[in-house]
Amino acid sequence: MRIVNADSRSTTTTVLGRLAVPAGILAAVAGAFAYVGAVDPNEPGHYPACPLLRYTGLYCPGCGGLRSAHAFVHGDLQTALHDNAPAVLAYLGFAVVWTVWVVRAARGRPVRVDPTPVQLWTLGALLLVFTVVRNLPFGGWLHP
C-alpha cells in the first residue's frame with residue numbers, strides 16, 4: 001500500500017498549471033521561428049512585402065525582421081544583426097523575459113513587466129533614430 005500526500009500532488013498540478021501559459025507562448029514562438037527558418041524570406045513570393053517600403057521606398061524599423069529571424073535560426077548572427085539589429089535584441093530580450101517568467105511562475109511568484117514611461121519613450125526614440133538613420137544616405141549599412 002502506498003500513501004500519497006495530497007499536498008504534493010496538488011503542488012505539482014499547480015506548478016504545471018502555472019507553467020502552461022509560458023509553455024504555450026514558447027511553443028508558438030518556436031513554431032514561428034521554425035517556419036521562418038524553413039521558408040526563406042530571401043526567396044520572393046513567400047511573404048508579403050513591407051507596405052511602407054513598397055509604396056514609399058523607406059525602410060520601417062521592422063524591415064528585414066524576417067530575414068534577420070531566418071539568419072538567427074541558422075546561427076548566422078552577423079547576417080541577423082545586419083538585416084535588423086533591433087530585432088535580434090528583441091529576440092534576446094524575449095528569451096530573458098520568458099526565462100524570468102518561467103522561474104517566477106514555478107516558484108508561485110507573480111510576474112509583472114511594468115516599464116516606466118521614460119523606458120517606453122526611450123525605446124521609441126531609439127527605434128525612431130534607427131529608422132531615420134537607416135533611411136539616410138550614410139545609413140546604407142543598416143539596410144536589410
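For the numbers below, each heavy atom of this structure counts, side chains included, while hydrogens, waters and symmetry mates do not.
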*Please test V73 against V36 for side chain to side chain contact (heavy atoms under 4.5 Å, CB included), starting from the C-alpha separation and ending with a verdict.*
CA-CA 8 Å; V73 167; V36 172; 5.8 Å; no
If two hydrophobic side chains count as joined below 4.5 Å and joins carry through other members, does [X] share a cluster with [Y]?
X: V96; Y: L89; value: no
X: L26; Y: V111; value: yes
X: F138; Y: V132; value: yes
X: Y47; Y: F72; value: no
X: V97; Y: F33; value: no

Whether the side chain of [X] engages the backbone of [Y] through a donor-acceptor N/O pair (distance < 3.5 Å, no angle test) should be reported.
X: S68; Y: G64; answer: no
X: R104; Y: P110; answer: yes
X: R67; Y: P41; answer: no
X: Y91; Y: A69; answer: yes
X: W101; Y: P22; answer: no

_Residues D40, H46; criterion side chain to side chain contact (heavy atoms under 4.5 Å, CB included); working and verdict_ = CA-CA 8 Å; D40 189 356; H46 294 293; 5.6 Å; no
Nearest-0.5 Å distance that lies between atom [atom1] in [X] and atom [atom2] in [Y]:
X: Y59; Y: N135; atom1: OH; atom2: CG; result: 8.0 Å
X: L52; Y: C60; atom1: CG; atom2: SG; result: 6.0 Å
X: H70; Y: E43; atom1: NE2; atom2: CD; result: 8.5 Å
X: W121; Y: L126; atom1: CH2; atom2: CG; result: 13.5 Å
X: D83; Y: L142; atom1: CG; atom2: CG; result: 11.0 Å

_Run the side chain to side chain contact (heavy atoms under 4.5 Å, CB included) test on V88 and L77 for me, step by step, so that the C-alpha distance in whole Å, both residues' side-chain angles and the decisive distance to 0.1 Å come before the verdict._
CA-CA 8 Å; V88 174; L77 189 58; 4.0 Å; yes
_Contact check, side chains of T79 and H82, non-hydrogen atoms, under 4.5 Å_ = no
*asked:* For R107 versus R18, what's the shortest heavy-atom pair and its separation?
replied: C-NH2, 4.2 Å
_With side chain to side chain contact (heavy atoms under 4.5 Å, CB included) as the criterion, how do N84 and R134 come out once you've worked through the C-alpha distance, each side chain's angles and the decisive distance to 0.1 Å?_
CA-CA 10 Å; N84 194 319; R134 83 187 313 200; 4.3 Å; yes
